[in-house]
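Inspection log for the structure reproduced underneath, given as structure tokens.
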Number of protein chains: 2
Amino acid sequence: MSTGPGTGSDTAGNVKVMSTEPLTAERILEATEEVLRRHGPAKATVVDVARQLGVSHGSVYRHFRTKSALREAVTKRWLDRTTRELSSIADDEPKDAEASLRAWLAGLFEAKRRKAGDDPQLFATYEVLLAENSEVVEEHITELVAQIEQIVHWGVERGQFTALGPDAQVARAVFDATSRFHDPAYAPQWLKPEILVEFEAVVDLVLGGLRLLDRS
Amino acid sequence: MSTGPGTGSDTAGNVKVMSTEPLTAERILEATEEVLRRHGPAKATVVDVARQLGVSHGSVYRHFRTKSALREAVTKRWLDRTTRELSSIADDEPKDAEASLRAWLAGLFEAKRRKAGDDPQLFATYEVLLAENSEVVEEHITELVAQIEQIVHWGVERGQFTALGPDAQVARAVFDATSRFHDPAYAPQWLKPEILVEFEAVVDLVLGGLRLLDRS
DNA sequence: CAGATGACAGATTTCAATATCTGTCATCTG
DNA sequence: CAGATGACAGATATTGAAATCTGTCATCTG
């Protein structure tokens with residue numbers, strides 16, 4: 001298992017090489033992710049994380065006040081990766097708000113579906129983390145809804161969308177109506193082949209509701 | 001454990017009086033519900049159910065092959081009560097399909113919200129049962145979607161709704177888009193006061209998508 | 001003889017003793 | 001002296017022996 005330049009072997013099983021790099025929060029988060037991947041959410045301990053980094057567990061507590069704060073930070077980091085990925089679609093001012101919203105919703109579904117499908121075990125681990133960090137999840141949802149709101153706003157501005165209500169409320173409705181395609185609780189169903197048809201059907205319905213009526 | 005007619009009190013705590021009624025599946029289901037209410041899903045045993053009825057547990061097994069079949073039957077019974085309650089809205093041919101669908105969706109939300117709010121502990125018990133009987137849940141969903149399909153069909157027939165696709169598929173999309181307001185996974189959020197506004201927003205969006213465009 | 005019973009074997013759950021982990025802090029080290 | 005360490009107390013998790021439960025079936029009873 002030993003991989004360090006000079007480090008032969010260690011007493012206990014899987015100890016990673018001691019790095020000369022300074023111990024940063026970021027390095028601890030990476031190590032934690034690795035430990036979670038290997039041991040799962042129930043058996044991943046702070047001691048494991050410290051071992052993984054070749055330091056004492058006291059050092060980890062210098063960067064994160066509690067185990068739960070550490071897990072919260074890992075969760076936030078994971079969710080933020082998705083938020084950032086999608087912001088590229090939401091931030092460019094679109095020519096076609098409807099196409100843009102469609103692309104954004106498809107992007108969200110695609111991102112979640114990939115995470116769930118590629119490594120189901122790691123996904124299950126994150127499901128546990130999400131359940132114990134509802135605060136962080138709520139913030140994540142707030143950010144996603146804000147991105148939808150951006151697109152809705154443009155759509156209303158250029159007369160593509162009806163203003164059914166305040167932009168924020170409409171954005172939230174769009175998010176809620178597509179829950180089945182981004183909420184991890186439904187992940188098992190994302191494997192069914194019909195899911196894509198079902199996704200299209202819901203998106204058609206929702207975009208139909210958004211579209212300005214008096215055009216036809 | 002003597003329980004003849006005339007037995008006043010018994011050795012162990014909560015034994016129900018022995019009834020002279022014949023032991024039917026229905027009576028066993030009622031007793032099981034009572035035991036689940038009292039002991040919760042984890043500690044409710046077949047022996048408890050038998051005790052509740054004043055019979056031996058062997059007699060319960062004459063009506064239900066396994067404990068899991070018994071729990072499944074209780075679950076189905078619980079879900080069927082909601083299905084039946086809603087069918088009155090779905091079965092009458094409506095003058096106004098939109099108003100009818102709105103009433104049906106509100107009825108479903110209302111029914112679920114009442115169940116969750118009135119006795120949270122019993123609701124939590126049923127959440128466990130639902131999780132272990134996904135087959136039964138799927139059938140329940142199929143029935144509900146069929147009711148929506150009925151309303152959608154009328155709406156299309158009398159030119160109130162656009163045919164966005166096959167009725168069944170559209171009905172399913174309506175059901176999916178309103179998941180947040182009937183899926184027990186979201187029950188904790190049904191307590192928030194904003195939930196009604198959010199419900200209205202989603203229903204407006206969905207009904208807007210259903211509405212025939214070239215009227216305005 | 002249809003329907004109920006309770007003893008029984010194997011599966012599952014409970015419980016208490018034991019081991020491990022979390023979070024702190026006095027001490028150490030470069 | 002900034003940052004790391006590991007011994008320690010209380011909290012949490014693991015483990016295995018004992019208790020309970022599930023499902024069967026030979027036997028009983030009205």
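Protein chains get the first letters and strands the later ones, always in sequence-line order, with residue 1 at the start of each. These numbers come from the heavy atoms of this one structure, side chains and all, not from hydrogens, waters or symmetry mates.
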Legend entry - Approximate separation, where rounding is to 0.5 Å, of Thr32(A) OG1 and Lys67(A) NZ: 10.5 Å
Inset, instruction - List the steps and the verdict of side-chain hydrogen bond (donor to acceptor under 3.5 Å, both in side chains) for Ser179(A) and Asp176(A). - result: CA-CA 5 Å; Ser179(A) 292; Asp176(A) 287 346; 4.7 Å; no
Inset, instruction - Remember a base hit wins even if backbone is also touched, and classify Val47(B) as base, sugar-phosphate or nothing at under 4.0 Å, heavy atoms. - result: base
Legend entry - salt bridge (Lys or Arg N to Asp or Glu O under 4.0 Å) between Glu194(A) and Arg172(B), worked out: CA-CA 12 Å; Glu194(A) 319 92 270; Arg172(B) 178 74 208 201; over 6 Å; no
Inset, instruction - When you get a sec, tell me which of dT22(C), dT5(C), dG23(D) is the closest nucleotide to the side chain of Ser59(B)? - result: dT5(C)
Inset, instruction - Would you mind reading off the distance between His39(A) atom NE2 and dC21(C) atom C1', rounded to a whole angstrom? - result: 13 Å
Legend entry - Side-chain donor/acceptor of His57(B) to base of dG23(D), under 3.5 Å: yes
Inset, instruction - By nearest nucleotide on DNA chain D, pick out whichever of Lys43(A) and Gly58(A) is the more 5' one. - result: Gly58(A)
Inset, instruction - Measure the CG-NE2 distance between Leu144(B) and His182(B) for me, rounded to the nearest 0.5 Å. - result: 7.5 Å
Inset, instruction - Any strand is fair game: report the nucleotide pairing with dT14(D) by Watson-Crick or G-U wobble, both distances under 3.5 Å, or none. - result: dA17(C)
Legend entry - From NE2 (His39(B)) to CD (Glu34(B)), nearest 0.5 Å: 9.0 Å
Inset, instruction - Could you check which nucleotide pairs with dT29(C) in any of the strands shown, counting Watson-Crick or G-U wobble with both distances under 3.5 Å? - result: dA2(D)
Inset, instruction - Send over the distance from Arg62(A) CZ to dA26(C) C1', rounded to a whole Å. - result: 13 Å
Legend entry - Separation of atom CZ in Arg71(B) from atom C1' in dG23(D), rounded to whole Å: 16 Å
Legend entry - Phe64(B) CZ - dA4(C) P separation (whole Å): 13 Å
Legend entry - Whole-Å distance separating the NE2 atom of His63(B) from the P atom of dA2(C): 15 Å
Legend entry - Given dA4(D), dG23(C), dG23(D), the nucleotide with the shortest approach to the side chain of Leu23(A): dA4(D)
Inset, instruction - May I have the distance from Lys67(A) (atom NZ) to dT22(C) (atom P), rounded to whole angstrom? - result: 4 Å
Inset, instruction - Go ahead and name the base partner of dG23(C); Watson-Crick or wobble counts if both distances stay under 3.5 Å, otherwise write none. - result: dC8(D)
Inset, instruction - Would you mind reading off the distance between Arg65(A) atom CZ and dC25(C) atom P, rounded to a whole angstrom? - result: 14 Å
Legend entry - Tyr61(B) side chain, from C-beta outward: closest of dG23(C), dT5(D), dG23(D): dG23(D)
Inset, instruction - For Leu53(A) and dG3(D), give me the distance from atom CG to atom P, rounded to whole Å. - result: 17 Å
